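Remember, predicted model here, so these are calculated numbers, not experimental data. First listed ligand is number 1; within each ligand, the first listed atom is number 1.
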Amino acid sequence: MHSKDCVKVAVRVRPFNKRERDAASRCIVSMVSSSITIQEPRDNQSQRSFSFDYAYWSHSGFIRDRNGLYLPEEPGGRYADQDSVFQDLGEGILENALQGYNATLMAYGQTGSGKSYSMVGYGPNKGLVPRLCDRLFQAMRENQDTRQCQIFFSMLEIYNEQVIDLLSRGSRIPGGLRVREEQQRGFYVEGLRTVPCDSAPQVEQLMEQGTRTRTTAATHMNANSSRSHMLIILQLKQIFSKESITKQSNINLVDLAGSERQRSSGSEADRLKEGTAINLSLTTLGNVISALADVAVGKKVVHIPYRYSVLTKLLQSALGGNSRTVMIATLSPADICYEESLSTLRYAERAKRIQNRAVVNESPTERLVKELKAENARLLQRLSRLGHEGRRADDETKELRQLLTHNELQIRAIQTLWEQHLQEALKDWEQQYANITQERRMMQMHPYIVNINEDAQLSGVVKLFIQEGEWDVGLCDSAPGSISIKGLGIQERHAVFRNEQRRVTMTPLAGAKVIVNGNTVSETTEMQHLDRLILGSNCTYLFIGYPSERGGDDWSRYDYDYFQSEVAAAEGIHLGESSAGSRQTDPSLLAVFYDYIKLMPMVAEANQMSQELSKGVDFKLEIKNLALSDSKGHDLEKEIVVRVTSAGNKQVWMWSKTKFVNRKFLMEEVYQQHRAEHSGDDRAAALPRDKDPFWDPVEPLLLGSAHLWLQSLAFRIALEEQLEVLGSEGTEEAILQAQLVPCTSSGVSLGEDDILIDPSEFLGRRLDFQLVLEQCCGLRWIREARNRGVQIGFRLFDCGRPLYTPAAWHNINPLLDHRFHFTSLRTSQRLLAYLQSSAVVLELWGLQEGCTDLTSSMEGVRMTTEGIFIIDEEGPTDAVPEGTADLSCSVSALQQDLEELRSVNASLRKDNQTLREQLNSARNGVESVRGRSVRPSCDAEFARALKVFYHSMTSVRGQLQRLRRHRPSEESDLLGFRRFVYEQSRLLKDFSDLLEQSVSTLKQDVAAIVRRKRERSGVWS
Ligand SMILES: Nc1ncnc2c1ncn2[C@@H]1O[C@H](COP(=O)(O)OP(=O)(O)O)[C@@H](O)[C@H]1O
Ligand SMILES: [Mg+2]
């Protein structure tokens, strides 16, 4: 039997999670029958549609019944529950397997999107795997008369390209199990435990066992489960004795690693390669799928990279081979997950093109039995013939009989192997079952702590009982009177639990990190039912009191997020339902704070690893751009960064979130290796620097920025400023003295007489000015460590690359005295608009010993022969510059302003005309000697007034900026105030808009004065 099957693809959207609800997320996914549409959240016009074999709406329209089962609100409602997903996908897989085809089901999607929910399920909402097993055993019983079924179960994990047997009874093999290849079998895992099964509860117990192994491995080795792939392999053997055929099929059930890490950080490349390190298996799976999708559309593909990763080796038959394959792609419907969801849909779109060639399998072992039986039949025939031929054949008869017995034994061996193994497995199961019953009994008798994991699937797996008496908690291995906990930052003896007279207390031991309900504790603390306990860097447990204290309360709300939010709250960050008004908080800011909470435990772990490996590096979370704005004064997008400081030489690095996450993974790898190699000894892993994830070559660091508003240049007014350079979080980094000087083409400064009233006079004409960076004062960066230096950098208008001053070292108040001369040869409307609405953002860069200075790249920069930077090369155009709606809005407002100024100018010209005539007659024809134009006194007066006006504007802006930075000084609650400051700064922005408006009213008033004056002069003339 031979057929071509496309990989079947299903998509499923889950309900919002708590974070998404708190952030008032919008659902951007919609479904109509089997097609799905995703909306770009920032652009209402842009949406993408995909169609798949199945689309499951599990986002809304459901109820949770008394047992916790999720069901459609009304019968036949659109909500797709676990059962309906199984009806479509699971039954198909089962059918295929029973027919003798290999089958594969895999779940793909970002972490938290519902892969494990669909595959394994939670509590009563059983997923595909347990349902499939149920049905498999049911089918086995139903078909008992026609065939004998044998089912073998194995469960493994691929983490960092290592295969871990989740059912292994022995200790973990360093480096993992080996993947081998055989002609007949293809790739397989050598030495993987396969357990014969004959009932669904037995499989359930095995899965529980596997999950427990995953959980302990994850905490012991400080590994993140979202990076690992979980594979369940069911081998189904069906022996049809009557037809004397055997069908054998492998069912692969795969819960893939979170897809989000597959994408590289994009904007910035890390020195240490990430793609390969982070998840070679997932990247390769993507490449294999792409290649196969290309094959399907007839493109020429030289080779499919199956061999490049462990996962693709093991799934080779599932992808383009002998298997019927289903992929379920899971999505979050929230706007903040748009990028990830879109990338998941694209991935699924490619996967659905893959074509497989599934065939019904015959097992080689069974063929052997068949062959042996046939041989025996032949032997028996010969024997009977020999019997007729008398004594001569005695010897031959003996030989044949021996052969026959040997064959019989072999046949029996093959058939009894299953029975024997099954008996062993059942005994094992009984043992495990006894353990589980014992645990259940203990839960009803004693208080205990239960593990809470970031991955909900691994939560509640480990229960540690606190029976009456005194218990040491720590690494201490199985010493009497101790409870063993392994994990990052856990001491040999970490804390003592005392259970006396039905009261439980916990005493942290010297040096041990212990957090209860978000607060660090060092004293003996009485534990209450449902207290949250964090030991070491991040081992999280929920305390469950005596049964009498347990109400019918729902413990599920105490998930990992709850623990972390509580710690954040203790640091001053309050989010979620407890914080009033969180709904009004900007969702993007909320996303930043969620990032903060998410990274917090990771930073704690990184610090712990740094300490244990004696790396002398400290990590700290910061919010980038919290207090900074762009050249138009708009707030810059805020993001989380990690400040890395090396204790010894005070070197500083700033890592982006992605870089940190990547590096942390590499740190874990180093740490795990170190642990494996030097268990018990504290020597630091000696790593060459170029491979050390804790280290980086030093680079210049952006310390802060200051705004120099350019408006005065449009009127040819000089400006001298003392600017406060502000750090990312609003700290004062330095004072910078800077000047803007309108000048002639040869660099001679222009004076008051050259002030322009109407900037449009510049249109099409040459405009020259200089930016002078004079001195930096009070540099905090240098005050902290003298061996440092600074540079100022900036970008101006269309000068693509940033320009930098030369480096100034070792000086807290360095004299820069650097001058940049710019010219526009034919000034455009665009440049004028820019000057009137923008600031040049002067960036303060910190240099450290060993790093190279920043240099202005001259590539693409045009200069005159005199060394003047040429800007605005396009010349005057009428076209409105492309850009955001925001920009075009402000341009049109400026055009309105210009229009007004033009009319003011026109009336002034009229004024000038009359005044000139009056002057001429008064001076008796004496000509002014000034070169370019005669500037009548009224014009100059008005210009002077304008100068004062624009200068006052600058100080108004300065005042506003200072207001924006204003913050309460209570150190203890700093983080909480950051959020407060953000909200306040939004209010202030509104204030600044108001102010601008009143300034424009002022302009109109001036125009009115001029009009009145003109009327008066009209009277005079
Ligand atoms: N279809 C669904 N219905 C209800 N809850 C869901 C659904 N899918 C996922 N969840 C919930 O979302 C959380 C994350 O799901 P999970 O399957 O663990 O994600 P993943 O395995 O993709 O990381 C879990 O708490 C789970 O209960
Ligand atoms: Mg999962």
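Contact annotation for Pro15 and ligand 1: only side-chain heavy atoms (C-beta onward) come within less than 4.0 Å of the ligand. In Tyr122, the part holding a heavy atom less than 4.0 Å from any atom of ligand 1 is the side chain.
In this structure, Lys657 does not pair ionically with Glu639, as no charged nitrogen and carboxylate oxygen lie closer than 4.0 Å. Ionic pairing of Arg19 and Asp561 is present here: one or more N-O contacts between side-chain nitrogen and carboxylate oxygen are shorter than 4.0 angstrom.
Under a 4.0 angstrom heavy-atom cut-off, Ser113 registers as being in contact with ligand 1. The shortest heavy-atom distance from Gln82 to ligand 1 is not under 4.0 Å.
When hydrogens are left out, the protein atom nearest atom 21 (O) of ligand 1 is Ser116 OG, 2.7 Å; that is the closest non-hydrogen contact. Remark: minimum distance from atom 25 (O) of ligand 1 to any protein heavy atom is reached at Ala456 CB, 4.1 Å. The single protein non-hydrogen atom nearest to atom 19 (O) of ligand 1 is Gly114 N, 3.2 Å, given as residue, atom name and distance.
Residue Lys115 places at least one N or O, backbone or side chain, under 3.5 Å from an N or O of ligand 1. Considering backbone and side-chain atoms together, Tyr117 places an N or O closer than 3.5 Å to an N or O of ligand 1. Annotation: Gly112 places an N or O atom under 3.5 Å from an N or O atom of ligand 1; distance criterion only.
Distance check, rounded to the nearest 0.5 Å: CG of Asp335 to CD of Gln39 gives 10.5 Å. Taken to the nearest 0.5 Å, the CG atom of Leu166 stands 9.5 Å off from the OG1 atom of Thr215.
Ring-plane geometry between Tyr347 and Tyr108 is classed as parallel, the angle between the planes falling under 30 degrees on a 0 to 90 degree scale with a further cut at 60. Between His59 and Trp57, the angle of the ring planes goes over 60°, which puts this pair in the perpendicular group of the 30/60° scheme.
Within the cation-pi definition used here (under 6.0 Å to the ring centroid, within 45° of the axis), Lys8 does not qualify as a partner of Tyr54.
For Gln87 and Asp81, the side-chain atoms include no donor-acceptor pair closer than 3.5 Å. For the 3.5 Å distance criterion, the side chains of Ser113 and Thr330 qualify, holding a donor opposite an acceptor.
Within the listing of ligand 1, atoms 1 (N) sit less than 4.0 angstrom from a heavy atom of Ser58. Against a heavy-atom cut-off of under 4.0 Å, Thr111 is close to the following atoms of ligand 1: 23 (O). Listed by atom number, the atoms of ligand 1 under 4.0 Å from Gln110 heavy atoms are 22 (O).
Closer than 4.0 Å to atom 13 (C) of ligand 1 lies none of the heavy atoms of the protein.
Taking backbone and side-chain atoms together, Ser116 has an N/O/S atom less than 2.8 Å away from the Mg ion (ligand 2).
A distance-only check finds no donor-acceptor pair linking the side chain of Asp255 to the backbone of Met230 [under 3.5 Å].
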